[in-house]
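All chains are named by letter (A, B, ...) in the order of the sequence lines, taking the proteins before the strands, and each is independently numbered beginning at 1. What you see is a predicted model, and the numbers here were worked out from it, not measured in a lab.
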Amino acid sequence: MTEIENGVPDDIIRAVEATLFAAEEPLTVDQVATHLGLAGKAADVAPAFTRLQRHYEGRGIQLVRRGERWHFETAPDLAHLLRREKEELRRLSRAATEVLAIVAYHEPVSRAEIEAIRGVQTAKGTLDVLMEAGWVRVAGRREVPGRPVIYATTPAFLEHFGLESLRELPGLEELRAAGLLDPVDEDMIGAALDLENARSPQTVRNGDD
Amino acid sequence: MTEIENGVPDDIIRAVEATLFAAEEPLTVDQVATHLGLAGKAADVAPAFTRLQRHYEGRGIQLVRRGERWHFETAPDLAHLLRREKEELRRLSRAATEVLAIVAYHEPVSRAEIEAIRGVQTAKGTLDVLMEAGWVRVAGRREVPGRPVIYATTPAFLEHFGLESLRELPGLEELRAAGLLDPVDEDMIGAALDLENARSPQTVRNGDD
Amino acid sequence: MDAGTPGAGADKLYLEIEGWEGPLDLLLDLARRQKVDLLRISLLELVDAYLTYIEEAEALQLELAADYLVMAAWLAYLKSALLLPREEQESPGPEELALRLQMRLQRLNAMREAAARLMARDRLGRDVFPRGAPEGLRVDRKSRWQCDWYDLVRAYGGVKVRSQPVVHMVRERMVMTLDSAIQRVSSMLGVAIDWMDLRDFVPAAQDSWADPQLRRSALASSFVAALELARTGKAELAQEETYGPLRLRALKGS
């Protein structure tokens, strides 16, 4: 570590530093290696990332990992100095923030499952807004009758919310332990509509689990 | 200096570092001071710039001063990383090779003349490819009605094909001797014989020389 | 909610109903007003609060979405089931249903809180910032064109062969012309040291000269060429017998 902390960093470290610094978007180790003409030698390049990350610890800039991609950003504790009023972030509706959280904590998840958790129909526009923001994507279809589309988060989601991975989602473990992230296959509203037949076979089966 | 090189930089240094990093254009010391709520206290902020500059010496990134303004940039010796060229080897198409040969044997030559010799229309793109390859250049215009553009070969052409001058290109007789004018079908035999007839007088004359 | 609206209680209720994200959302809000852990709320109290809300809204003839009413009906059913023990208990029993409702509320609550925590994180572009003016990485794909000398001259040969006028291309006229015969015979005589048979001047029967007709024309042309060379004093001819081999050689001093 000393040659980084005190002296001149080696060539690969300098090259990785310059590449990530100049890049217009976060890059994976592979992408950086390829750019440096070291395609397939990601293992040689990877240590430079963690060394750089350590070097920038405590500085005004940080090297962070978001999913598989790395980028430099300003230190979060300086937010109050750097925040720009003119740059208004897209204001998300409450519905959109809830849907985003549900997608992130449950992914991949179908629209019906989102609606089951929220107990209300989700306007098509809500998912569209999240997809337009680049935080949610269609992740395929679930192989069940009707083959519903399922949704998941994107790398940009991790980048925007400063998460190394989905495992870092706040409270994830507690929620999981409390069974609050278990699959929702019970539609209470539907059951209520179906009041007379409410004690349907499925419901009974669920009750027996 | 030690608190920068080895430890955690102080708050002003961190703030200046982050501000210059996130800035969309180079900033003066005054602008940075104002941004940090230290308007009029440029003297307190200025040392942070030189300390940062020294910190980044030898790294992949540098803090540089241009006139009164400061900004981060990639170290000059790593500038080649920003614009990497990737070369793809591509074979010249048959059409392009023919056009190149015609230009070489007949230069300067207009597009209409090339087409007359080839007996086929020449796509504009063909000449573009040859110019992109650096082998053909526009050599002016012919002073005839319509002033057509005329083309000629470049020094790079001679270099690529290992020629001292265009005179080194083989004449028709040599092409024939090398079998390069070999007829491809019976009808062509006649053409070849006629060709020989056509050349005969000269040949006789040459013999007399 | 529009704070500027004159704030009678009824208006307030109306506006709030407009603001709910569905009946479960309303229920969750009412549950939170009990200010206890969601696991320990009084379900009967919650049901009453919900039904009161809906009744008030109906009294004001507010338009309520159907699912609010469905929820009200279901809650009323749940309440009666909880209060009036029956002999034949349905499965699942009301306690089980109540538990599930609580679970639903907890789930929604968990996601609502998670959303709030997510939104409060250090967000890129709000709290932390990427580089303001990155130089950008560019990979310029450049074609390096390949072509060699052989391809080039061959292409020219191809063009030349292709573009020769084809008007004379008649098979029957495949001949060796006199001019070329004279050239051929005289150049061959130039290097010969002895008499040569006229037939030896005809090109070997191979490749383009394989055609017997063409070879006959060559023999004829060579004969005329021999006569011509003899006439101009460049060669001499000899024939020992009629129809015998015709031989010729260069005339010395020519």
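With a 4.5 angstrom heavy-atom cutoff, A/D11 does not touch chain B via any of its atoms. Interface residue B/E73: only backbone heavy atoms are found under 4.5 Å from chain A. Interface remark: A/L78 contributes side-chain atoms only to the contact with chain B (heavy atom separation under 4.5 Å).
Between chain B and the options A/T19, A/D77, A/V16, heavy-atom pairs under 4.5 Å are most frequent for A/D77.
You'll find the side chain of A/T34 stays beyond 4.5 Å of the side chain of A/L38, heavy atoms only. In this structure, B/R111 and B/K124 have side chains that are in contact, with non-hydrogen atoms separated by less than 4.5 Å.
Distance check, rounded to the nearest 0.5 Å: OG1 of A/T154 to CH2 of A/W135 gives 9.5 Å.
A/T153 pairs with exactly one of A/R137, A/H160, A/E107 by the side chain to side chain donor-acceptor pair (under 3.5 Å) rule, that one being A/E107.
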